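Read the numbers this way: they start at 1 and go in the same order the structure lists the ligands and their atoms. For the single chain, residues carry numbers from 1 onward in sequence order. Just so it is clear, the structure is predicted and the values come from calculations on it, not from any experiment.
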Amino acid sequence: MDTTSNLQVSINDINFNNPVLNAAGVRCQSTTELDAILASTAGGAVTKSATLQPRNGNETPRMQSLPFGSINSMGLPNYGFDYYLDYVINQQIAGNQNLILSIAGLSIAENLTMLRQIQASDYQGLVELNLSCPNVAGKSQVGYDFEAVADILAAAFTFFDGHLGLKLPPYFDLNQFDELSAILNQYPLTYVNSINSIGNGLAVDLDTETVVIKPKAGFGGIGGDYVKPTALANIRAFRLRLNPAIKIIGTGGISSGQDVFEHILCGADLVQIGTAFGPEGTPIFERVTDELETIMVAKGYRSLADFRGKLKII
Ligand code: RRO
C-alpha cells in the first residue's frame, strides 16, 4: 500500500505544497510571525487584514479562549497596507508565491484605493478582500449587504486584473447563497474564503458575571469548534452554486486532519486555521497535514482531487 499522498494544490498557477494555511488575523501581524509561518510546513501564509493606515485595534482584553473555540474583537490591529504589500513583494522576489495579501478597508473607497495600489505594484499573488470584519464599532459587515458587494466588485473589476478572492461572513439562509452566488458568478473572482468568525457572539464568565472581552460591551466574533458545521455548510453551499473557476478556501473550526478532510470533501481547495493556530503555534501545520495524509492513505486517495467536493448525501 502507498504510504504517501500528493497534497499539492494550485490556484491560477500559484502553487501550494499542501492546502493548510493560517487564517488572516492569527499570528500573522508582524513580519516575524509571517516568517515563522513560511519557515514551517504550512502550505502558505496569509497576512493580517490591512487598512491603509496602521491601527492599534480595540482595547484589551479583546480575545478569549472558550471551551470549544474563541471569541475576539481585535478591531483590525495592523501595521498598515504598505507594510504588508512590501512584505509579499519581497517574498515574491525571494521566490515565494504561496502568500495571500489580505486587505480590509474601512470603506469601499479605501478598499478600492488599496486595490489600485496593488494593481500598480509588482505584486502578482493572491489578494483577499475581507468583506466580513465583525469588530469595528459602527461599521456593518459589507458581506451582509449584497448591493454593496455588487458595487465594490463592479468598481474593482473596472481596473483590477490580479487574483482577487473575497473573505465572506457566514450565511445562514439558503436564499442568501442563491442571491450572492448570482452576483459573484458575474465576475472573474479567483476564490471565495468561507467563513470569517460568526459575528457578534457573546460569552459569559460565571464567577464575575461579566462578559469576557472588553470592546463592544462583550460582543465578538466566534471561532473554533463552535463554527465548523456552519463553515462546512457555507463551503458546500457555495461549491454547489459558484462557477467551477471560482475556487474555495475553507476556514472555520479546523484543528485536525479530519477537519481538513471534511472541508475539502465539501469543496474547499485550500483551508485556513485560525483559532487553533493561536495556542498551538506553527507545529499545528505539520500535525494536521500528517493527520490528513494518514486519512487519505487509509482511504486509498492519492491526491486531494480524488475526494474534493465529493460529499455524498443520504
Ligand atoms: O481584527 C478583527 O477584529 C477581526 C477581523 Br479584521 C476579522 O476579519 N475577523 C475577526 O474575527 N476579527
Numbered atoms of ligand 1 (with element) below 4.0 Å of Pro134, judged on heavy atoms: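 Answer for ligand 1: 7 (C), 9 (N), 10 (C).
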
Residue Met74 vicinity, atoms of ligand 1 by number, heavy atom under 4.0 Å: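 Answer for ligand 1: 1 (O), 2 (C), 3 (O).
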
Could you see which bit of [X] sits under 4.0 Å from ligand 1, with heavy atoms only: side chain, backbone, both or neither?
| X | result |
| --- | --- |
| Lys48 | side chain |
| Asn72 | side chain |
| Ala104 | neither |
| Leu76 | both |
| Asn58 | neither |

Donor-acceptor pair, side chain of Asn185 and main chain of Arg241, under 3.5 angstrom: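 Looks like yes, one N/O pair under 3.5 Å.
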
Side chain to side chain contact (heavy atoms under 4.5 Å, CB included) partner of Cys266, chosen from Leu240, Leu232, Asn234: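 Of the listed options, the one satisfying the test is Leu232.
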
Option passing side chain to side chain contact (heavy atoms under 4.5 Å, CB included) with Val192 (candidates Leu180, Leu131, Ile235, Leu184): Leu184

Leu166 side, atom CG; Leu129 side, atom CG - distance, nearest 0.5 Å: 5.5 Å

Minimum non-hydrogen distance to atom 10 (C) of ligand 1, winning option of Ser70, Ser197, Gly221: Ser197

Gly199, Gly75, Cys133: member with heavy atom nearest to atom 6 (Br) of ligand 1: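 Selected option, by shortest heavy-atom distance: Cys133.
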
Whichever hydrophobic residues join Leu202 through chains of side-chain contacts under 4.5 Å: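 For the cluster that includes Leu202, the remaining residues are Val204, Val211, Phe219.
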
Sequence neighbours excluded, every pair satisfying side chain to side chain donor-acceptor pair (under 3.5 Å) that has a member inside residues 107-126: Gln119-Asp161

Any N or O of Ser49 closer than 3.5 Å to N or O of ligand 1: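 By distance alone, the answer is no.
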
Electrostatic pair Lys48-Glu33, nearest N-O below 4.0 angstrom: no

Nearest neighbour in protein (non-hydrogen) for atom 4 (C) of ligand 1: Asn135 ND2, 3.7 Å

Nearest-neighbour protein heavy atom for atom 9 (N) of ligand 1, which is reported as residue plus atom name and distance: Asn196 OD1, 2.8 Å

Candidate list Glu128, Lys247, His163, test side-chain hydrogen bond (donor to acceptor under 3.5 Å, both in side chains), partner Tyr191, passing option: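 Passing option: Glu128.
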
